[in-house]
Amino acid sequence: METYKILDGKKISDEIKKEIALEVEKIVSNGGKRPHLAAILVGHDGGSETYVASKVKSCEEVGFASSLIRFESDVTEEQLLATIDQLNNDPEVDGFIVQLPLPKHIDEQRVIERVDYRKDVDGFHPINVGRMSIGLPCFVSATPQGIVELLRRYEIPTSGKHCVVLGRSNIVGKPIAQLLAQKGYPGDCTVTVCHSRTQGLKEMCQSADIIIAALGSPEFVTKDMIKPGAVVVDVGTTRVPDSTRKSGFRLTGDVKFDEVAPLCSYITPVPGGVGPMTIVSLMMNTLKAGQKILFN
Ligand code: GUN
């Protein structure tokens, strides 16, 4: 049995936060504007509350200004769109996000497309998605960018490797598949995207050098699916009820860590893997938004 190494997203994200903080100090001491991230949070979903709280905390850590705009879940689509228009036109705000998911009576796609793509630090606007897919400068959505950054910092070889992506969401599966297939490092992978209708998924995984598990299905990936020496990246963060925890739940990944890890060369933990990398990627995007370097 090989000994596996942890892809430590917490550690790497702390390093990147320090790098961003230095950059912010430089900008401000040269008389520049402190980058400002705004977040819109609708309702009181536990996961969303947690994510937004750690985004705000990360802003403080790197020296960004931040604002949190809250609505109850009965907010109308018109109210939400009007707030987005205000943020689009507010020169103080460099970038902003609308935390998803939104209540069912609100058209999520309409909200996403209302955000000025130059302030769309989530990278969800079709202009950013399209630019990413043809390799142009853009805001790349945070989770796939965080994964790529984690692979880069650990110098994981990707060229010519078979990467199996489990899941085809707009936020993770589709963009990570495109990024890893792109020319250059980390990329040049041969990518297979698997989903709920895939036939022979287990065999596909068995031939994978890199598995990106982004299904949201707790402990879906088991040891019989792993090629010895594979790199496994776990994007899952399902809240599973756990009466032994103070919170009443534990975060559970898409990978059955205890049995899969011994087969891997590298693997991400949950929590402490992709999660912190996602947050810090949003900070990287906000820094770029403040510097106005992506779009002319
Ligand atoms: N919900 C789940 N992931 C994300 C994300 O990256 N950004 C936003 N805004 N909402 C999310």
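These numbers come from a predicted model, not from an experiment.
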CG of Leu201 to CE of Met225: how many Å apart, nearest 0.5 Å? 5.0 Å
Distance, nearest 0.5 Å, that separates CG of Asp224 from NZ of Lys256: 9.5 Å
Checking the side chain of Asp209 only, and the main-chain atoms of Gly160 only, is there a donor and an acceptor separated by less than 3.5 Å? no
Hey, is the main chain of Leu100 close enough, under 3.5 Å, to the side chain of Tyr51 for a donor-acceptor pair? no
Would Phe124 and Ser141 count as a side chain to side chain contact (heavy atoms under 4.5 Å, CB included) here? Give the steps. CA-CA 6 Å; Phe124 292 167; Ser141 72; 3.7 Å; yes
Side-chain donor/acceptor of Lys119 to backbone N/O of Phe96, under 3.5 Å: no
Arg239 side, atom CZ; Thr50 side, atom OG1 - distance, nearest 0.5 Å: 4.0 Å
Minimal heavy-atom distance between Asn285 and Val121, with the atoms involved, is ND2-O, 2.9 Å
Is Arg114 reaching over with its side chain to a backbone N or O of Asp85, donor-acceptor style, under 3.5 angstrom? no
Keeping the roles fixed (side chain from Tyr185, backbone from Pro157), state whether a donor-acceptor pair exists under 3.5 Å. no
What pair of heavy atoms forms the shortest contact from Asp14 to Lys10, and how long is it? OD2-NZ, 2.8 Å
Do Val52 and Ile106 sit in one hydrophobic cluster, given that two such residues count as connected whenever their side-chain heavy atoms are within less than 4.5 Å of each other, even indirectly? no
Given Glu60 and Lys57, is the salt bridge (charged side-chain N to carboxylate O under 4.0 Å, His left out) satisfied, shown in steps? CA-CA 5 Å; Glu60 284 165 16; Lys57 178 164 168 271; over 6 Å; no
I want to check something: taking the side chain as every heavy atom from C-beta on, are Asp122 and Asn128 in contact at a cut-off of under 4.5 Å? no
Closest contact, heavy atoms only, Arg152 versus Pro186: NH1-CD, 3.7 Å
Can you tell me if Arg131 uses its side chain to pair, donor with acceptor, with the backbone of Pro137 under 3.5 Å? yes
Flag side-chain contact, heavy atom, 4.5 Å: Ser196 against Arg168: yes
Consider only side-chain N and O atoms of His44 and Ser73, and report whether a donor and an acceptor are under 3.5 Å apart. no
Side chains of Val221 and Cys205: closer than 4.5 Å at any heavy-atom pair? no
Would a hydrophobic clustering, with Ile, Leu, Val, Met, Phe, Trp and Tyr connected at side-chain separations under 4.5 Å, put Val231 with Val193? yes
Mind checking the CD1-CG spacing from Ile176 to Leu166? Nearest 0.5 Å is all I need. 12.5 Å
Run the salt bridge (charged side-chain N to carboxylate O under 4.0 Å, His left out) check on Lys26 and Glu23 step by step: do they pass? CA-CA 5 Å; Lys26 239 195 281 177; Glu23 200 60 39; 3.7 Å; yes
Nearest-0.5 Å distance that lies between atom NZ in Lys223 and atom CG in Asp258: 11.0 Å
Does the side chain of His105 pick up a donor-acceptor pair with the side chain of Glu77 at under 3.5 Å? no
Whether the Gln109 and Glu113 side chains hold a donor-acceptor pair (N or O, under 3.5 Å, no angle test) is what I'd like checked. yes
Minimum side-chain heavy-atom gap Glu61-Ile20 below 4.5 Å: no
Least distance between heavy atoms, Val129 atom then Gly123 atom: CG2-O, 3.7 Å
Pair Thr238, Thr252: side-chain N/O donor-acceptor within cut-off below 3.5 Å: no
Would Phe139 and His125 count as a side chain to side chain contact (heavy atoms under 4.5 Å, CB included) here? Give the steps. CA-CA 9 Å; Phe139 291 115; His125 191 286; over 6 Å; no
Could you check Ile147 against Leu179 for side chain to side chain contact (heavy atoms under 4.5 Å, CB included), going step by step and ending with a plain yes or no? CA-CA 10 Å; Ile147 294 168; Leu179 290 172; over 6 Å; no
Taking the inter-plane angle between the rings of Tyr4 and Phe257 on a 0 to 90° scale, is it parallel (under 30°), tilted (30 to 60°) or perpendicular (over 60°)? perpendicular
Flag the pair Leu87 / Ile69 as yes when at least one side-chain heavy-atom distance between them is below 4.5 Å, and no otherwise. yes
Give a yes/no verdict on a cation-pi contact between Arg118 and Phe295, requiring under 6.0 Å between NZ or CZ and the six-membered ring centre and an angle within 45° of the axis. no
Between Asp45 and Gln99: side-chain donor-acceptor atoms closer than 3.5 Å: no
Could you check whether any side-chain heavy atom of Val111 comes within less than 4.5 Å of a side-chain heavy atom of Ile40, counting everything from C-beta outward? no
Pair Gln86-Val93, side chain to side chain contact (heavy atoms under 4.5 Å, CB included): steps then yes or no: CA-CA 10 Å; Gln86 277 171 15; Val93 172; over 6 Å; no
Applying salt bridge (charged side-chain N to carboxylate O under 4.0 Å, His left out) to Asp242 and Arg250, what does each step give before you reach the verdict? CA-CA 6 Å; Asp242 183 342; Arg250 69 193 137 85; 3.0 Å; yes
Do Ile210 and Val235 land in one hydrophobic cluster if side-chain heavy atoms of ILVMFWY residues count as linked below 4.5 Å? yes
Val24 side chain near Pro35 side chain, heavy-atom distance below 4.5 Å: yes
Under a 3.5 Å distance rule, please check whether Ser66 uses its side chain to pair with a backbone N or O of Leu37 as donor and acceptor. no
Backbone N/O of Leu215 and side chain of Asp254: donor-acceptor pair under 3.5 Å: yes
Test your reading of the model: is there a side-chain donor-acceptor pair from Glu92 to the backbone of His36, 3.5 Å cut-off? no
Quick check on the hydrophobic clustering: are Met277 and Val140 connected, directly or via other members, by side-chain heavy-atom contacts under 4.5 Å? yes
Nearest heavy atoms of Ser207 and His162, plus distance in Å: OG-ND1, 3.0 Å
In the structure I gave you, are the side-chain heavy atoms of Thr83 and Val98 within less than 4.5 Å of one another anywhere? no
Between atom CE of Met283 and atom NZ of Lys17, what is the distance when rounded to the nearest 0.5 Å? 8.0 Å
Shortest non-hydrogen contact from Pro276 to Ser13? CB-OG, 3.4 Å
Spell out, as yes or no, whether a donor-acceptor pair under 3.5 Å connects the side chain of Thr268 to the backbone of Asp234. yes
